[in-house]
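Each remark here refers to the structure printed beneath this line.
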Amino acid sequence: MSMFKSMNISASALTTQRLRMDVISSNMANVDSTRATYENGQWQPYKRKMVVVQPNEQNSFKSFLQKATNGNNVGAGVKVKNIVEDDAPFRLDYDPTHPDANEEGYVQLPNVDPLKEMVDLMSASRSYEANVTVFNASKGIMMKTLELGK
């Protein structure tokens, strides 16, 4: 394993978790946005976005050969595969005075649940903190190794 491999793995996770926090913040900022996109001749509410993460695998013959011969199954971190929209139905709120209310007086609101977003934000924040700790531990181990060479 390369000396900087653990730092690269932690850095990929830090980047991914930062993007997750940005997307969650965007969801929270648009929790009441009733006019986000214009589709089929009418305004649609904001749709919740989610980050899809996958392992950052190197799919070359050389990487598979090295894994098979070394016997180690060390990954290469994570990467963002895609940012997708949640297909959950919009929330309906009865407010006949709202300018976006339909004939029955209901307003379509985004499918963003603030409680769920806060839980996701806490998870992403804790993962970020854990990866900072791993990154700093790797850095400390490298510094101690360099001190041994003095």
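By convention here, the first residue in the shown sequence is residue 1. Please read these numbers as outputs of a predicted model, since none were measured by experiment. Side chains are part of it too, since the values below use all heavy atoms of this structure and drop only hydrogens, waters and symmetry mates.
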Quick check on the hydrophobic clustering: are Leu14 and Leu19 connected, directly or via other members, by side-chain heavy-atom contacts under 4.5 Å?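 No: no chain of side-chain contacts under 4.5 Å links Leu14 to Leu19.
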(Q) Grouping I, L, V, M, F, W and Y whenever their side-chain heavy atoms are under 4.5 Å apart, do Val80 and Val84 come out in a common cluster? (A)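 No, Val80 does not connect to Val84 through the hydrophobic network.
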For residues 128-136, which side-chain N or O atoms pair as donor and acceptor with protein atoms under 3.5 Å away, sequence neighbours left out?
{"unit_1": "Asn131", "atom_1": "ND2", "unit_2": "Ser127", "atom_2": "O", "d": "2.8"}
{"unit_1": "Thr133", "atom_1": "OG1", "unit_2": "Glu129", "atom_2": "O", "d": "3.0"}
{"unit_1": "Asn136", "atom_1": "ND2", "unit_2": "Val132", "atom_2": "O", "d": "3.4"}

In the hydrophobic clustering (ILVMFWY, side-chain contacts below 4.5 Å, transitive), which residues join Val112, or is it alone?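 Val31, Tyr46, all in the cluster of Val112.
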Note to self: Enumerate the ring-ring contact (aromatic ring centres under 6.0 Å, His included) contacts for residues 77-115, please, sequence neighbours excluded, ordered by first and then second residue.
What the structure shows: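 Sorted pair list: Tyr94-Tyr106.
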Under 6.0 Å from the CG atom of Asn82, do we count more than 12 heavy atoms belonging to anything else shown?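 Yes.
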message = If you count every heavy atom of other residues, nucleotides or ligands that lies below 6.0 Å from Met28 atom CE, does the total exceed 12?
response =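 Atom CE in Met28 is packed in, count exceeds 12.
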To the closest 0.5 Å, what do you measure between [atom1] ([X]) and [atom2] ([Y])?
{"X": "Asp100", "Y": "Leu109", "atom1": "CG", "atom2": "CG", "answer": "9.5 Å"}
{"X": "Met7", "Y": "Ile141", "atom1": "CE", "atom2": "CD1", "answer": "10.0 Å"}
{"X": "Glu85", "Y": "Met50", "atom1": "CD", "atom2": "CE", "answer": "9.5 Å"}
{"X": "Gln17", "Y": "Ser12", "atom1": "CD", "atom2": "OG", "answer": "9.5 Å"}
{"X": "Ser123", "Y": "Ile24", "atom1": "OG", "atom2": "CD1", "answer": "7.5 Å"}

Heavy atoms, side chains only, cut-off 4.5 Å: are [X] and [Y] in contact?
{"X": "Asn27", "Y": "Lys49", "answer": "yes"}
{"X": "Arg91", "Y": "Pro45", "answer": "no"}
{"X": "Leu121", "Y": "Met21", "answer": "yes"}

Let's go through Val53 and Lys79 carefully: what are the C-alpha distance in whole Å and the side-chain angles of both, what is the deciding distance for side chain to side chain contact (heavy atoms under 4.5 Å, CB included) to 0.1 Å, and is it a yes or a no? CA-CA 6 Å; Val53 180; Lys79 68 179 179 180; over 6 Å; no
Exercise for the section: State whether Lys116 and Asp120 are salt-bridged, where the test is any N-O pair (Lys NZ or Arg NE/NH1/NH2 against Asp/Glu carboxylate O) under 4.0 Å. Expected result: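 No, no charged N to carboxylate O under 4.0 Å.
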Ignoring hydrogens, what is the shortest heavy-atom contact between Val78 and Ala13? Give both atom names and the distance.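 For Val78 versus Ala13, the nearest heavy atoms are CG2-CA, 3.8 Å.
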Give a yes or no answer on whether the side chain of Asn111 reaches the backbone of Asp86 with a donor-acceptor pair at less than 3.5 Å.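 Yes, because the side chain of Asn111 sits within donor-acceptor range (under 3.5 Å) of the backbone of Asp86.
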